[in-house]
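Each chain gets a letter, A, B and so on, in the order the sequences are listed, and its residues count up from 1. Keep in mind that what you see is a predicted model, and the values were worked out from it rather than measured.
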Amino acid sequence: MARCVIWGTTTISLPDCFYRFMRIEDYKTIAPEDAVQLQRSLRACISITALGREVATVGGADISYNRGSGLMHAAMVVLELPGLRPVAYSLASDETSFPYIPGLLAFREMPALMKAWSQLRAKPDVLMLDGHGLAHPRRMGIATHFGIEADQPTIGCAKNILTGTHGELGVRKGEQADLMDGEEKVGIALRSRTNVNPVYVSPGHRCSFEDAYRIVMQSLTKYKLPRTTRLAHRWANMLRRGEAEPGYTEV
DNA sequence: GCGACAG
DNA sequence: ATCTTGTCGC
């Protein structure tokens with residue numbers, strides 16, 4: 001749909017690609033209908049390719065906030081890949097008025113995430129976000145959306161399905177089943193821990209399904225969630241509770 | 001029309 | 001997302 005804007009004394013309509021030039025800051029006040037149009041517009045920018053270089057660092061990102069509040073607390077961590085040792089943290093808080101709407105998560109969380117991202121000196125080779133990548137009705141989950149805006153390889157790792165279905169998968173850690181949206185594969189249901197409900201992994205941007213599976217597997221320890229997610233979650237909570245200060249820290 | 005619905 | 005105690009099962 002074209003969008004009409006006032007330009008001087010005349011009204012003109014802009015094509016869909018207009019939405020690609022929206023600033024992240026504008027997400028805070030965008031209308032949900034426009035947010036959906038931006039996702040449709042951004043879809044042409046998705047790149048699902050194999051991670052080029054060897055992955056030496058993996059990042060984790062998460063958001064924490066009090067229910068009913070628009071103050072978002074973002075945390076990003078960077079871990080070395082064999083070993084999962086933390087090497088850097090970035091913490092940032094940011095206010096938004098965009099609500100949580102299934103399918104539009106990025107518009108609520110991305111401003112704060114981008115703030116934390118900007119502070120991060122050492123960018124990870126691939127960043128894992130809490131939420132989906134391609135496993136989204138318009139293939140534009142927060143991992144994909146963020147990856148495009150930051151021009152960064154990303155992976156989505158979610159605890160629940162937003163769209164799609166999958167068959168049974170073995171109960172052992174590492175077993176998987178394709179997550180299908182109709183005839184299209186959009187992700188993987190992955191058993192991240194034996195006898196525990198699976199997590200849902202999907203490529204975000206500049207990453208393949210195989211890469212996504214491998215990186216998530218390499219980020220698992222003894223818990224259901226990858227260490228990336230767990231650490232980011234912990235730091236975001238500490239920031240929210242005032243137990244940690246915003247800023248960038250290298251370990 | 002009805003139900004589902006990341007965080 | 002967050003608020004919370006105990007409890008069932010490997």
**Message:** Going 5' to 3' along DNA chain C, which are the first and last nucleotides with any atom under 4.0 Å from a heavy atom of chain A?
**Reply:** C/dA1 to C/dC10

Using distance only, find each side-chain donor-acceptor pair of residues 214-229 of chain A under 3.5 Å and give its atom names and separation, not counting sequence neighbours.
| unit_1 | atom_1 | unit_2 | atom_2 | d |
| --- | --- | --- | --- | --- |
| A/Arg214 | NH1 | A/Asp211 | OD1 | 3.0 |
| A/Ser219 | OG | A/Ile215 | O | 2.8 |
| A/Arg227 | NE | A/Leu84 | O | 3.4 |

**Request:** Give the other cluster members for A/Leu169, using side-chain heavy-atom distances under 4.5 Å between Ile, Leu, Val, Met, Phe, Trp and Tyr residues; answer none if it is isolated.
**Result:** none

**Request:** Give, ordered by number, those residues of residues 232-248 of chain A having at least one heavy-atom distance below 4.0 Å to an atom of DNA chain B; if nothing qualifies, reply none.
**Result:** none

**Item:** Listed partners of A/Tyr65 passing ring-ring contact (aromatic ring centres under 6.0 Å, His included), at least two apart
**Value:** none

**Message:** Does A/Glu54, at its CD atom, have more than 12 non-hydrogen atoms belonging to other residues, nucleotides or ligands within less than 6.0 Å?
**Reply:** no

**Asked** Side chains of A/His205 and A/Thr144: donor-acceptor distance under 3.5 Å anywhere?
**Response** no

**Message:** I'd like to know if A/Asp151 pairs up with A/Arg206 as an ion pair, taking the criterion as any Lys NZ or Arg NE/NH1/NH2 lying under 4.0 Å from an Asp or Glu carboxylate oxygen.
**Reply:** yes

**Message:** Which residues in residues 157-187 of chain A have a heavy atom closer than 4.0 Å to any atom of DNA chain B?
**Reply:** A/Ala158, A/Lys159, A/Asn160, A/Ile161, A/Leu162

**Asked** Under the ring-ring contact (aromatic ring centres under 6.0 Å, His included) test, which residues partner A/Phe209, sequence neighbours left out?
**Response** none

**Complete:** So the ring-ring contact (aromatic ring centres under 6.0 Å, His included) pairs with at least one residue in residues 154-178 of chain A (sequence neighbours excluded) are A/His166-A/Tyr200

**Message:** Wobble G-U and Watson-Crick pairs count when both distances are under 3.5 Å; given that, what is the 5' to 3' dot-bracket string of DNA chain C, with | for pairing to other strands?
**Reply:** ..........

**Any donor-acceptor N or O pair under 3.5 Å, side chains A/Asn237, A/Arg234** = no

**Message:** What verdict does the side chain to side chain contact (heavy atoms under 4.5 Å, CB included) test give for A/Arg108 and A/Ile101, after you've listed the backbone C-alpha separation in whole Å, the side-chain angles of each residue and the deciding distance to 0.1 Å?
**Reply:** CA-CA 8 Å; A/Arg108 178 165 174 77; A/Ile101 300 173; over 6 Å; no

**Item:** Trace of the side chain to side chain contact (heavy atoms under 4.5 Å, CB included) decision for A/Leu113 with A/Ile142
**Value:** CA-CA 10 Å; A/Leu113 287 175; A/Ile142 189 166; 3.8 Å; yes

**Request:** Give the first and the last nucleotide of DNA chain B, reading 5' to 3', that has any atom under 4.0 Å from a heavy atom of chain A.
**Result:** B/dC5 to B/dG7

**Asked** Checking A/Thr96 side chain against A/Gly70 main chain: does a donor-acceptor pair fall under 3.5 Å?
**Response** no

**Asked** Any Lys/Arg nitrogen of A/Asp130 or A/Lys159 sitting under 4.0 Å from an Asp/Glu carboxylate oxygen of the other?
**Response** yes

**Complete:** Residue pairs meeting ring-ring contact (aromatic ring centres under 6.0 Å, His included), one or both in residues 94-139 of chain A, sequence neighbours left out, come to A/Tyr27-A/Phe107, A/Phe98-A/Phe107, A/Phe107-A/His145, A/Trp117-A/Phe146

**Asked** Dot-bracket for DNA chain B, 5' to 3', with Watson-Crick and G-U pairs under 3.5 Å, [ ] for crossing pairs and | for other-strand pairs: what is it?
**Response** .......

